[in-house]
**Student:** 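Mind looking over this structure? Questions follow.
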Amino acid sequence: MAKSSKTNARKKRQAAQAQAAVPEGMSRRRLLQGVGFGAVGVLALAGAGYAGLGMVRQHEREHDLSRIGNGKPVVVQVHDPQCPTCTALQRQTRRAMKQFDDDELVYLVADITQPEGQVFARRHNVPHVTLVLMDGRGVVVQVLSGMRQRSELEPVFAAHFAAHKG
C-alpha cells in the first residue's frame, strides 16, 4: 500500500521546518552537541557558584565576632589580609584547627581593616599576627604573638580546648 501524498507532504514540511531551525552550515548533530556542551557548562558554573557560596558563608562565620562568649572556647586571629605573615599564620591556624569541629573550638578572624576587628584589637591591646585564646565567657586566657607553625599550635589548641570545653 502506497503512502498518501498528504502524509508525504506533511513529512516534507516537518523536515523543512527542522532544517530551517538549524543555522546555515551546521548539522543537526552538531547543534545537539553544542546544546550538550552548553548544559555541561551550566552545570560547571552552578557547581562553582555553590562552592563560592560555601566560601562566602565560611568567611562570614569566621568574621562574626559576636560568637565570642557564647559558651565555646575560641581562637581569634587578629588579622590584616594584606600582610603575608598574617596570611601564613591563618593557613597554619586553620590546619591546626582541623582536629576540632566548629562547635567544639571556634576559630574567628578579627580583620583589622574592618571596624569590628579594629575595636577587638584595641580592646585587647594586640597587634596583627596574633592569636587570642578565650574561654567560653570571652575572657582572654592566652595570647600568642607572631608566626607559629601548625605543629606548635596543635598542642596549644588541644590544651585550650581541654581546659575550657563547654
Side-chain angles (χ1 to χ4, degrees), residues 23 26 29-166:
M26 181 178 278
R29 172 175 283 168
R30 199 172 212 179
L31 178 69
L32 291 175
Q33 283 176 338
V35 168
F37 290 138
V40 169
V42 167
L43 287 175
L45 284 174
Y50 183 75
L53 180 61
M55 290 173 60
V56 167
R57 286 183 178 156
Q58 177 186 3
H59 182 271
E60 288 175 352
R61 211 173 31 252
E62 285 182 351
H63 288 73
D64 181 7
L65 298 179
S66 70
R67 296 171 62 198
I68 295 172
N70 287 343
K72 302 289 181 197
V74 296
V75 174
V76 181
Q77 179 178 355
V78 182
H79 178 73
D80 179 354
Q82 301 301 315
C83 169
T85 307
C86 288
T87 304
L89 177 61
Q90 186 176 51
R91 193 171 28 258
Q92 294 298 318
T93 302
R94 283 182 174 152
R95 288 177 183 160
M97 291 292 294
K98 285 186 179 185
Q99 63 184 321
F100 303 100
D101 289 333
D102 194 41
D103 61 343
E104 293 178 332
L105 182 61
V106 179
Y107 172 65
L108 299 173
V109 176
D111 182 343
I112 63 169
T113 64
Q114 301 298 315
E116 301 84 13
Q118 292 171 4
V119 167
F120 181 89
R122 275 195 302 267
R123 181 182 311 134
H124 298 288
N125 196 28
V126 293
H128 63 289
V129 194
T130 301
L131 298 172
V132 180
L133 284 66
M134 305 173 99
D135 67 12
R137 296 181 319 257
V139 175
V140 176
V141 176
Q142 187 175 2
V143 176
L144 303 172
S145 296
M147 182 61 200
R148 308 292 171 118
Q149 297 298 316
R150 172 186 182 177
S151 58
E152 183 181 356
L153 294 172
E154 285 176 337
V156 172
F157 293 167
H160 178 60
F161 171 69
H164 301 284
K165 60 183 169 186

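All values derive from a computational prediction rather than experimental measurement.
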**Student:** Please table the atom pairs, donor to acceptor, closer than 3.5 Å between any side-chain atom in residues 73-84 and protein atoms at least two apart or in another chain.
**Tutor:**
{"from": "Gln77", "atom 1": "OE1", "to": "Tyr107", "atom 2": "OH", "distance (Å)": "2.6"}
{"from": "Gln77", "atom 1": "NE2", "to": "His79", "atom 2": "ND1", "distance (Å)": "3.4"}
{"from": "Gln77", "atom 1": "NE2", "to": "Cys86", "atom 2": "O", "distance (Å)": "3.0"}
{"from": "Asp80", "atom 1": "OD1", "to": "Gln82", "atom 2": "N", "distance (Å)": "3.0"}

**Student:** Under a 3.5 Å distance rule, please check whether Gln118 uses its side chain to pair with a backbone N or O of Ile112 as donor and acceptor.
**Tutor:** yes
**Student:** Taking the side chain as every heavy atom from C-beta outward, state whether Val119 and Leu65 have any atom pair closer than 4.5 Å.
**Tutor:** no
**Student:** Return the minimal non-hydrogen interatomic distance between Pro155 and Glu152, and the atom names on each side.
**Tutor:** CD-O, 3.5 Å
**Student:** So how far is it from Phe157 CZ to Gln142 CD, rounded to the nearest 0.5 Å?
**Tutor:** 9.5 Å
**Student:** Between Met147 and Gln92, is there a side-chain heavy-atom distance shorter than 4.5 Å?
**Tutor:** yes
**Student:** With rounding to the nearest 0.5 Å, note down the distance linking CE in Met134 to NE2 in His124.
**Tutor:** 4.0 Å
**Student:** Arg150: what forms a side chain to side chain donor-acceptor pair (under 3.5 Å) with it, not counting sequence neighbours?
**Tutor:** Glu154
**Student:** Is any side-chain heavy atom of Leu144 closer than 4.5 Å to one of Leu153?
**Tutor:** yes
**Student:** Would you give the length of the straight line joining atom CE of Met97 to atom CD of Gln90, rounded to the nearest 0.5 angstrom?
**Tutor:** 12.0 Å
**Student:** Does Lys72 offer a backbone N or O that forms a donor-acceptor pair with the side chain of Arg67 under 3.5 Å?
**Tutor:** no
**Student:** Which value, rounded to the nearest 0.5 Å, describes the distance between His160 atom NE2 and Leu133 atom CG?
**Tutor:** 4.5 Å
**Student:** Taking only residues at least two apart or on different chains, which pairs with a member in residues 116-128 satisfy salt bridge (Lys or Arg N to Asp or Glu O under 4.0 Å)?
**Tutor:** none
**Student:** Just verifying a value: how many Å separate Phe100 CZ and Phe161 CZ, rounded to the nearest 0.5 Å?
**Tutor:** 6.5 Å
**Student:** Within this structure, what is the CG-CZ distance for the pair Leu89 and Arg94, rounded to the nearest 0.5 Å?
**Tutor:** 10.5 Å
